[in-house]
Protein chains: 2
Amino acid sequence: MTVSRAINTPEKLNPETLTKVRQAIESLSYVPSLSARKIRGGHSSGKTIGVFALDTATTPFAVEMLLSVERTAREHGWNVFILNVFEIPLTPQTIELMLSHRPDGIVFSAMQLRELEIPPALRSKPLVLSNCMSTEPGVACYVPDDEDGQYQAVRQALQRGYRRPLCINLPRHSLAWKLRQQGLSRALAEAGITPESVRQYDLSTDDAYGETIAELERQLRESHGKPVFDLLVCGNDRIALVAYQYLLSRGLRIPADVAVLGYDNMVGIAELFYPPLSTVQLPYYELGRRATQHLIEERDEPFTHWVPCPVVDRQSW
Amino acid sequence: MTVSRAINTPEKLNPETLTKVRQAIESLSYVPSLSARKIRGGHSSGKTIGVFALDTATTPFAVEMLLSVERTAREHGWNVFILNVFEIPLTPQTIELMLSHRPDGIVFSAMQLRELEIPPALRSKPLVLSNCMSTEPGVACYVPDDEDGQYQAVRQALQRGYRRPLCINLPRHSLAWKLRQQGLSRALAEAGITPESVRQYDLSTDDAYGETIAELERQLRESHGKPVFDLLVCGNDRIALVAYQYLLSRGLRIPADVAVLGYDNMVGIAELFYPPLSTVQLPYYELGRRATQHLIEERDEPFTHWVPCPVVDRQSW
DNA sequence: CTGTTAGCGCATTCAG
DNA sequence: CTGAATGCGCTAACAG
């Protein structure tokens, strides 16, 4: 008991006793058992957040979101437990593993923005989604404000004088597609450009490679190598990467001949574009942070929270 | 007690009782508490591996290593707890947090190959390093066999007829530098090329951007745009990415004018090179898997285990 | 086959 | 200020 007090409420101990206990702790390198603390229920050792992480393998850039959950939680004295999952729906075993940790709150995070079904078993606890949305309403979720992100970016591009955009969009079925279109339209409208006049191509899958090149080739062929577009708006940085190489290899200069705008701001990659890529940042860190705070502060706002996507101003426009 | 048996040794129960218990479990959606199980010490619920993960923020590609730890452990009924760390040496708090989970074994993993000092407090438990090495001997570690990886790749390139390589290497102080040089020399020697005759440039920092372009520019200027090298051996895919864009923008064709060889095989990126990048794969998944098995099988082989780096044959050579 | 006892490590409560 | 009793959820060991 005295040891317990030495650790949790040292001020309640006689200084001499405290010193002695501390020496013992030191020499034995004693550390209290988290399991034993948790079992008692008295949350003196901090509560626990359980995190489901989807798509970590395929989209590692987004791990920032997990790091921010971990950081934010720890700053508030909470513990975090991350469970990587590779498929949805979650298997019963996976859910049980999560629940067996007795989390005080659950974060469901997807590295790739998606909509998904939340198993009822999870709704018994405080739950928040990060970078994903629930098919059913009544669940708090934090997602990138793609509408505004795309709007801001295109608006800035337009302000710089570009007038003839070509868009290579994410697949139409993706959650972001519609939002981005709205943002684009809003910016276009403000500049007095009719949406119908802008060239658009929707990728059919997430694989950007072949189609991006094919579309660019088509556009360039039509105009004998001189692009009729002066701004290439890409659904993500991966598309932009492919486009860059293709454009560069055709002797086109970026941004002199054509400006390029990405989306995502892939950590450690976007800076390596030649020239460095102007893009819109997916706010992974913020997503994780806010979702975590939602849990910690026991907020009751079971709706969609839009997190701003800052425009990252580099040299491709 | 009967519930405990229903879960752990159902065959010891009367089928009727079992059914009843299971119904109760179902209707209450009861899941045993991991903490309570762990506290008892009897490892009926599986042991626990604690993982320190360093550099996760800056090098997210390597998360595969963490996923394989998680998978491998789970396949063997072990639990995993990952603790991301952002700096070394580890702070006492971080170490305590790890220890408070009472792990049965510890994996120290670095996303970026490095050498580091292991705090004595950790050596009290079974310990294994993944993608990093200890400054002191006597610690088991699993690291990429960069010597052989570089050797294999250059050998294959030489077999394809390339004869005048230019190497843009990792910084000289990096752990991989020497190994790669040895592999390179071995391949060169086999082909009868003297190491002195090959052009080499060592990056001064991990930031590839400026120096890579400057070096390429220098080389091309010397020879009036016609490269005297027919093979560009890059210390990593990021260097290759920068080089690609520069070469392409100078009207050079890959691999017709110059072949490019990367290193790392960055997931989701190397495929997007135009043309797709031939590179050497850093075996993150294997690193994690073997390190984990080392712990699970309680191996006693406290030395460096070299894990092969497969050559990934794409279209840049 | 099922139930009882006991104890894992900790912290709340109450006694000294 | 310090200690003893108690119970958290679970299961090994033993009793019925």
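No hydrogens, no waters, no symmetry mates; every other heavy atom, side chains included, goes into these values. It should be emphasised that the depicted structure is a prediction, and the values quoted were computed from it without experimental measurement.
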Item to complete: Give B:L13 one of three labels, base, sugar-phosphate or nothing, depending on what nucleic acid heavy atoms sit under 4.0 Å from its own.
Response: sugar-phosphate
Worksheet item: How many angstroms lie between atom OH of A:Y142 and atom OG of A:S109, to the nearest 0.5 angstrom?
Response: 14.5 Å
Discussion item. Expressed as a whole number of angstroms, how long is the span from B:I39:CD1 to D:dC8:C1'?
Written reply: 8 Å
Discussion item. Check whether B:Y285 forms a cation-pi arrangement with B:R71 (NZ or CZ under 6.0 Å from the six-membered ring centre, at most 45° off the ring normal).
Written reply: no
Worksheet entry | SB check B:R114 B:D55 (cutoff 4.0 Å) | yes
Response to the item:
Its contact letters, B for base, S for sugar-phosphate only and - for none at protein heavy atoms under 4.0 Å, make nucleotides 11-16 of chain D read BBB---
Discussion item. Using whole Å, what does the distance between atom P of nucleotide C:dG9 and atom NE2 of B:H101 come to?
Written reply: 17 Å
Practice prompt. Ignoring backbone atoms, test whether A:T2 places a side-chain nitrogen or oxygen under 4.0 Å from the OP1 or OP2 oxygen of D:dG3.
Written response: yes
Fill in: Interatomic distance, A:L127 atom CG to A:F108 atom CZ [nearest 0.5 angstrom]
9.0 Å
Practice prompt. Please report the C-alpha distance between B:F61 and A:F61 in whole Å, then the side-chain angles of each, then the deciding distance to 0.1 Å, and finally whether the ring-ring contact (aromatic ring centres under 6.0 Å, His included) criterion is met.
Written response: CA-CA 7 Å; B:F61 307 97; A:F61 307 97; 5.6 Å; yes
Worksheet item: Roughly how far apart are A:S35 OG and B:L34 CG, rounded to 0.5 Å?
Response: 7.5 Å
Item to complete: Could you check how far NZ of A:K12 sits from P of D:dG3, rounded to whole Å?
Response: 16 Å
Worksheet entry | Distance, rounded to the nearest Å, where A:I25 contributes CD1 and C:dC10 contributes C1' | 13 Å
Item to complete: Find which nucleotide of DNA chain C each of B:E16 and B:A36 is nearest to by heavy atoms, and output the residue with the more 5' nucleotide.
Response: B:E16
Item to complete: Give the rounded distance in Å between these two atoms: CG of A:L28 and C1' of C:dG9.
Response: 15 Å
Worksheet item: For B:L99 and C:dG9, what is the distance between atoms CG and P respectively, to the nearest whole Å?
Response: 15 Å
